[in-house]
Amino acid sequence: QVQLVESGGGLVQAGGSLRLSCAASGRSFSTYTIAWFRQAPGKEREFVASIAWSAGRTYYADSVEGRFTISRDSAKSTVYLQMDNLKPEDTAVYYCGARVGPHTWPGPYNDWGQGTQVTVSS
(Lines give C-alpha, C1' and ligand atoms only; values in the text may rest on other atoms or scores of the structure.)
Protein backbone atom coordinates (compact mmCIF):
# COMPACT_ATOMS: atom_id res chain seq x y z
CA GLN A 1 0.00 0.00 0.00
CA VAL A 2 1.27 3.45 -0.91
CA GLN A 3 2.03 5.79 1.95
CA LEU A 4 2.73 9.47 1.52
CA VAL A 5 3.90 11.70 4.36
CA GLU A 6 4.21 15.45 3.90
CA SER A 7 6.35 17.75 5.99
CA GLY A 8 7.91 21.18 5.87
CA GLY A 9 4.91 23.45 6.18
CA GLY A 10 4.84 26.48 8.43
CA LEU A 11 4.35 30.22 8.74
CA VAL A 12 6.35 32.53 6.50
CA GLN A 13 6.17 36.15 5.47
CA ALA A 14 5.29 37.17 1.96
CA GLY A 15 8.32 36.94 -0.29
CA GLY A 16 9.81 34.14 1.78
CA SER A 17 10.50 30.51 0.94
CA LEU A 18 9.59 27.05 2.18
CA ARG A 19 10.47 23.57 1.02
CA LEU A 20 7.89 20.83 1.38
CA SER A 21 8.77 17.15 1.39
CA CYS A 22 6.66 14.15 0.45
CA ALA A 23 8.16 10.85 1.61
CA ALA A 24 6.74 7.96 -0.39
CA SER A 25 6.83 4.30 0.59
CA GLY A 26 5.08 1.01 0.03
CA ARG A 27 6.06 0.09 -3.48
CA SER A 28 8.19 0.94 -6.48
CA PHE A 29 7.23 4.30 -7.93
CA SER A 30 8.87 3.89 -11.31
CA THR A 31 5.52 4.06 -13.13
CA TYR A 32 4.03 6.73 -10.89
CA THR A 33 3.42 10.44 -11.04
CA ILE A 34 3.66 12.33 -7.76
CA ALA A 35 1.95 15.69 -7.50
CA TRP A 36 1.35 18.51 -5.07
CA PHE A 37 -2.09 19.96 -4.55
CA ARG A 38 -3.42 22.58 -2.19
CA GLN A 39 -6.72 23.43 -0.62
CA ALA A 40 -7.60 26.72 1.00
CA PRO A 41 -10.59 27.10 3.34
CA GLY A 42 -13.83 27.15 1.41
CA LYS A 43 -12.14 26.31 -1.88
CA GLU A 44 -11.72 23.20 -3.95
CA ARG A 45 -8.47 21.29 -4.04
CA GLU A 46 -6.29 22.59 -6.84
CA PHE A 47 -3.33 21.21 -8.69
CA VAL A 48 0.05 22.82 -8.00
CA ALA A 49 2.81 20.75 -9.64
CA SER A 50 3.59 17.20 -10.69
CA ILE A 51 6.60 15.09 -11.58
CA ALA A 52 6.85 11.77 -13.36
CA TRP A 53 8.98 9.57 -11.15
CA SER A 54 11.13 7.95 -13.85
CA ALA A 55 11.20 10.51 -16.65
CA GLY A 56 11.21 13.55 -14.41
CA ARG A 57 8.74 15.43 -16.58
CA THR A 58 7.13 18.27 -14.67
CA TYR A 59 3.96 20.30 -14.91
CA TYR A 60 2.99 23.45 -13.02
CA ALA A 61 -0.13 25.44 -12.43
CA ASP A 62 0.02 28.88 -13.99
CA SER A 63 -0.30 30.48 -10.56
CA VAL A 64 2.99 28.99 -9.35
CA GLU A 65 5.02 28.75 -12.56
CA GLY A 66 8.39 30.43 -12.05
CA ARG A 67 8.05 30.52 -8.25
CA PHE A 68 7.73 26.84 -7.30
CA THR A 69 9.98 23.96 -8.30
CA ILE A 70 9.13 20.29 -7.95
CA SER A 71 11.90 17.70 -7.80
CA ARG A 72 12.49 14.17 -6.60
CA ASP A 73 15.26 12.22 -4.91
CA SER A 74 14.80 8.61 -5.99
CA ALA A 75 17.31 7.30 -3.45
CA LYS A 76 15.25 8.82 -0.64
CA SER A 77 11.87 8.15 -2.29
CA THR A 78 11.02 11.77 -1.63
CA VAL A 79 9.46 14.49 -3.73
CA TYR A 80 10.11 18.12 -2.88
CA LEU A 81 8.30 21.34 -3.57
CA GLN A 82 10.54 24.37 -3.31
CA MET A 83 8.34 27.43 -2.91
CA ASP A 84 9.92 30.84 -3.42
CA ASN A 85 8.48 34.34 -3.46
CA LEU A 86 5.47 33.15 -1.50
CA LYS A 87 2.29 35.19 -1.54
CA PRO A 88 -0.61 35.32 0.92
CA GLU A 89 -2.79 33.60 -1.69
CA ASP A 90 -0.50 30.56 -1.45
CA THR A 91 -1.88 29.93 2.04
CA ALA A 92 -3.46 26.47 2.08
CA VAL A 93 -3.08 22.90 3.22
CA TYR A 94 -0.68 21.24 0.80
CA TYR A 95 -1.13 17.58 -0.07
CA CYS A 96 0.89 15.17 -2.14
CA GLY A 97 -0.89 12.63 -4.25
CA ALA A 98 0.21 9.63 -6.31
CA ARG A 99 -1.15 7.93 -9.39
CA VAL A 100 0.02 5.31 -11.84
CA GLY A 101 0.84 6.79 -15.21
CA PRO A 102 1.20 10.37 -16.43
CA HIS A 103 -0.29 13.44 -14.85
CA THR A 104 -3.87 14.30 -15.59
CA TRP A 105 -6.07 16.75 -13.75
CA PRO A 106 -8.82 16.48 -12.99
CA GLY A 107 -8.08 12.81 -12.87
CA PRO A 108 -7.74 10.06 -10.36
CA TYR A 109 -4.95 10.42 -7.87
CA ASN A 110 -5.52 7.32 -5.79
CA ASP A 111 -3.25 7.87 -2.83
CA TRP A 112 -2.92 10.94 -0.64
CA GLY A 113 -0.92 12.19 2.28
CA GLN A 114 -2.38 13.86 5.34
CA GLY A 115 -1.38 17.38 4.31
CA THR A 116 0.81 20.12 5.74
CA GLN A 117 -0.28 23.67 6.47
CA VAL A 118 1.40 26.58 4.73
CA THR A 119 0.53 30.08 5.94
CA VAL A 120 1.90 33.18 4.24
CA SER A 121 1.46 36.44 6.10
CA SER A 122 1.33 39.80 4.36
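Nothing fancy with the numbering, it's 1 onward along the sequence.
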Below 4.0 angstrom, N of the basic side chain to O of the carboxylate: do Asp90 and Arg38 qualify?
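Yes.
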How long is the span from the [atom1] atom in [X] to the [atom2] atom in [Y], to the nearest 0.5 Å?
X     : Y     : atom1 : atom2 : result
Leu4  : Ser21 : CG    : OG    : 12.5 Å
Asp84 : Arg67 : CG    : CZ    : 9.0 Å
Cys96 : Leu20 : SG    : CG    : 9.5 Å

Ignoring hydrogens, what is the shortest heavy-atom contact between [X] and [Y]? Give both atom names and the distance.
X      : Y     : value
Ile34  : Trp53 : CG1-CE3, 3.6 Å
Gln82  : Ser17 : NE2-CB, 3.9 Å
Ile70  : Val79 : CG1-CG1, 3.8 Å
Lys43  : Gln39 : O-NE2, 3.1 Å
Tyr60  : Thr69 : OH-CA, 3.4 Å
Ser122 : Pro88 : CB-CG, 3.8 Å

Is the shortest side-chain heavy-atom distance between [X] and [Y] below 4.5 Å?
X     : Y      : answer
Phe47 : Tyr59  : yes
Tyr80 : Cys22  : no
Phe29 : Arg72  : no
Trp36 : Met83  : no
Leu11 : Gln117 : no
Leu81 : Val48  : yes

When the ring planes of Tyr95 and Trp112 are compared, do they come out parallel, tilted or perpendicular, using 30° and 60° as the limits?
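Correct class here is perpendicular.
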Ignoring hydrogens and angles, tell me if any N or O in the side chain of [X] forms a donor-acceptor pair with the backbone of [Y] under 3.5 Å.
X     : Y      : result
Glu6  : Gly115 : yes
Thr91 : Val120 : yes
Ser54 : Ser30  : yes

Would you say the side-chain atoms of Thr78 and Asp73 include a donor-acceptor pair closer than 3.5 Å?
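Per modelled atom types, Thr78 and Asp73 side chains form no pair under 3.5 Å.
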If you group Ile, Leu, Val, Met, Phe, Trp and Tyr by side-chain heavy-atom gaps below 4.5 Å, do Tyr32 and Tyr109 land in one group?
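Unlinked, Tyr32 and Tyr109 end up in two clusters.
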Following the transitive rule for hydrophobic clusters with a side-chain heavy-atom cut-off under 4.5 Å over Ile, Leu, Val, Met, Phe, Trp and Tyr, establish whether Val100 and Val2 coincide in one cluster.
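Looking at the clustering, Val2 is in the same group as Val100.
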Are there more than 12 heavy atoms of other residues, nucleotides or ligands under 6.0 Å from atom CD of Gln13?
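No, the 6.0 Å shell around CD holds no more than 12 heavy atoms from other groups.
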Could you tell me whether Glu46 atom CD has more than 12 heavy atoms of other residues or ligands within 6.0 Å of it?
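Yes - once you tally the heavy atoms of other residues, nucleotides and ligands closer than 6.0 Å, there are more than 12.
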Given the rule in the side-chain contact (heavy atoms from CB on, under 4.5 Å) test, do Gln1 and Arg27 qualify, once you have shown the distances and angles that lead to the verdict?
CA-CA 7 Å; Gln1 183 175 357; Arg27 63 180 304 141; over 6 Å; no
Before giving the answer on side-chain contact (heavy atoms from CB on, under 4.5 Å), spell out for Val12 and Thr119 the whole-Å C-alpha distance, their side-chain angles and the decisive distance to 0.1 Å.
CA-CA 6 Å; Val12 65; Thr119 303; over 6 Å; no
Face-on cation placement of Arg45 at Phe37 ring, 6.0 Å and 45° thresholds
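No, Arg45 does not sit over the ring of Phe37.
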How far apart are the C-alpha atoms of Ser50 and Arg57, what are their side-chain angles, what is the distance that settles it, and do they pass the side-chain hydrogen bond (donor to acceptor under 3.5 Å, both in side chains) test?
CA-CA 8 Å; Ser50 69; Arg57 185 169 185 173; over 6 Å; no
